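Here is the structure we will look at, set down as structure tokens.
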2 protein chains.
Amino acid sequence: MTTDQTSPATGVKPLRADARRNRARLLEVAEAVFTERGTGASTEEIAREAKVGIATVFRHFPTKEALLEAVLVRRLERLAEEGRRLMAETGPTYALFAFFDLVLDQSPVKNAFAAALADAGVDVRAATSEAGRALGEVLTVLLDGAQQAGVVRRDLGVPELTAILVGTCRMLEHLDGHPESAKRARAVVRDGLKARTGSPEEPLPQGGAPS
Amino acid sequence: MTTDQTSPATGVKPLRADARRNRARLLEVAEAVFTERGTGASTEEIAREAKVGIATVFRHFPTKEALLEAVLVRRLERLAEEGRRLMAETGPTYALFAFFDLVLDQSPVKNAFAAALADAGVDVRAATSEAGRALGEVLTVLLDGAQQAGVVRRDLGVPELTAILVGTCRMLEHLDGHPESAKRARAVVRDGLKARTGSPEEPLPQGGAPS
DNA sequence: GACGATACGGATAGATGACTCCGTTTGTCC
DNA sequence: GGACAAACGGAGTCATCTATCCGTATCGTC
């Protein structure tokens, strides 16, 4: 809805029909392949799976990195979309947690890929910033709502929230195939996010051992 | 202490003096390089940095995967060691948290590498199992102590704990350079780990949105 | 210090992956 | 339905990485 995924950008180019089809299919297939085999998957494999020649891949995405980027942006856009939907449908008290659950319920590999992008050393940050900012705005709304409703501690901002979400994804990867453990581990994070009801500063150890 | 790191295993081979030196240096350098540049770093680079020929690397570690494995095992052994030390010096109430802090205080890259190994597709699991089991035992003791002391919720086991630790590492990577945010995010996890003082089942949403 | 064995270094083989060139096909517009 | 531009396919190039071979240097022992 936000940006037409089949056209490269707010258009300087009309792009032919088959080209549009191929581009869309490539994005689809690339996401699947990258999530399954990791970012190390070869462009040739993606081309084969998408039933196009290698040249076609590079025609649409001048470099492998660009393809990676495009896939990531697409995913971020979808997430922002879902966040907005949840906010509207679910209301401020539950929307943030619903969003967390939605992300975490996706297969671990699906989330793994997002993280895998980071260590690809890709300059994703720059190109992602636009989509990332949109998602950031959605998260801001979700977080604000939850904090206003008193269900999330107030010392958290969007950066912390994002990091916690990513970390939790990685956490669940390690518990794949053990749903009971995963449920308990998720409860830990969820409880940690909740507004502290007891004393604001508890006497638990912060530093390391007394040296 | 547990296993002499300079000898390949409980010894069938006496191994010459220079060979022992080189092997140790290789492990040292490999850990540094892998943590900095990721597991994609070339063996040639490691050889150069360690001031040995490439052949020497492959003589000691028949395959790159074997080198990766050895580095990981070494790290796990050291962690187990530190865990034992903390248990003895710090006591059951604080030892687990101290261990968490110790791991998390290491530079993010240092922790990143452990996770990076996983997606290298390496059959690390098998070869790691021995060192992993040792660390697992230490964690069992730490967790038991903390639970007995009433500072950690009782529905957690070692698998959950391990996953949470790994996930928190990844979380902190994303907050590198923002110590204040990192502190707050860590507090979320720590509070989540604590024994629940209030009602055992809080009325917070579990599932997604009401569809 | 000399000899045998062990370990070393660097050049090289073999594999793989990103990216390009160019002849052929396909969509679009009249 | 014909002409022209746009897009396609896949063989080929270039770089890089893992792993090996073999002549040389070093260690350990007498």
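On a predicted model such as this, the values are computed, not experimentally measured, just so you know. Just so we're on the same page: letters track the sequence lines, and every chain starts at 1.
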Sequence neighbours excluded, which residues qualify as side-chain contact (heavy atoms from CB on, under 4.5 Å) partners of [X]?
X        : value
B:Ala182 : B:Leu172, B:Leu175
B:Arg59  : B:Ala55, B:Thr56
B:Ala32  : none
B:Val29  : B:Arg25, B:Val33, B:Ile46, B:Glu49, B:Ala50

May I have the list of side-chain donor-acceptor pairs in residues 155-162 of chain A shorter than 3.5 Å, sequence neighbours left out?
| residue | atom | partner | partner atom | Å |
| --- | --- | --- | --- | --- |
| A:Asp155 | OD1 | A:Arg153 | NE | 3.0 |
| A:Asp155 | OD2 | A:Arg153 | NH2 | 3.4 |
| A:Glu160 | OE1 | A:Gly157 | N | 3.0 |
| A:Glu160 | OE2 | B:Ser181 | OG | 3.1 |
| A:Glu160 | OE2 | B:Arg184 | NE | 3.0 |
| A:Glu160 | OE2 | B:Arg184 | NH2 | 3.1 |
| A:Thr162 | OG1 | A:Val158 | O | 2.8 |

Separation of [X] atom [atom1] from [N] atom [atom2], in whole Å?
X       : N      : atom1 : atom2 : value
A:Arg25 : D:dC8  : CZ    : P     : 10 Å
B:Glu65 : D:dA19 : CD    : C1'   : 14 Å
A:Ile54 : C:dA18 : CD1   : C1'   : 9 Å
A:Phe58 : C:dC19 : CZ    : P     : 5 Å
A:Arg59 : D:dG10 : CZ    : C1'   : 11 Å
A:Leu67 : C:dC19 : CG    : P     : 10 Å
B:Leu26 : C:dC8  : CG    : C1'   : 12 Å
A:Lys64 : D:dT16 : NZ    : P     : 16 Å

- Item | Test: B:Arg78 and B:Glu81 ion pair at under 4.0 Å |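 No, this pair does not count.
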Partners of [X] by side-chain hydrogen bond (donor to acceptor under 3.5 Å, both in side chains), sequence neighbours excluded?
X       : result
A:Arg21 : none
A:Glu82 : A:Arg85
B:Arg16 : B:Asp18
A:Glu45 : A:Arg37

- Message: If you assign each of B:Ala55 and B:Gly40 to its closest nucleotide in DNA chain D, which residue comes earlier from the 5' end?
- Response: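 Final value for this comparison: B:Gly40.
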So, does [X] get its side chain near the phosphate of [N], meaning an N or O under 4.0 Å from OP1 or OP2?
X       : N      : result
A:Asn22 : D:dC8  : yes
B:Thr63 : D:dA19 : yes
B:Thr56 : C:dA7  : no
A:His60 : D:dC8  : yes

- Please answer whether the main-chain N or O of A:His60 pairs with a side-chain N or O of A:Arg23 as donor and acceptor at a distance below 3.5 Å.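 No: the side chain of A:Arg23 does not pair with the backbone of A:His60.
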- Task: Output yes when a side-chain donor or acceptor of B:Arg84 lies under 3.5 Å from a complementary backbone atom of B:Val138, and no otherwise.
- Result: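 Answer holds: no.
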- Base, backbone or nothing for each nucleotide of nucleotides 25-30 of chain D, written B, S, -, heavy atoms under 4.0 angstrom, 5' to 3'? -BSS--
- Going by number, which of residues 41-51 of chain B have a non-hydrogen atom under 4.0 Å from DNA chain C?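 Going residue by residue through residues 41-51 of chain B, the ones with a heavy atom under 4.0 Å of DNA chain C turn out to be B:Lys51.
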- Quantify the bending of the helix from C:dG1-D:dC30 to C:dC30-D:dG1 as the angle between its end axes, each fitted on five pairs, to 10°.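 Axis angle across the helix from C:dG1-D:dC30 to C:dC30-D:dG1, nearest 10°: 30°.
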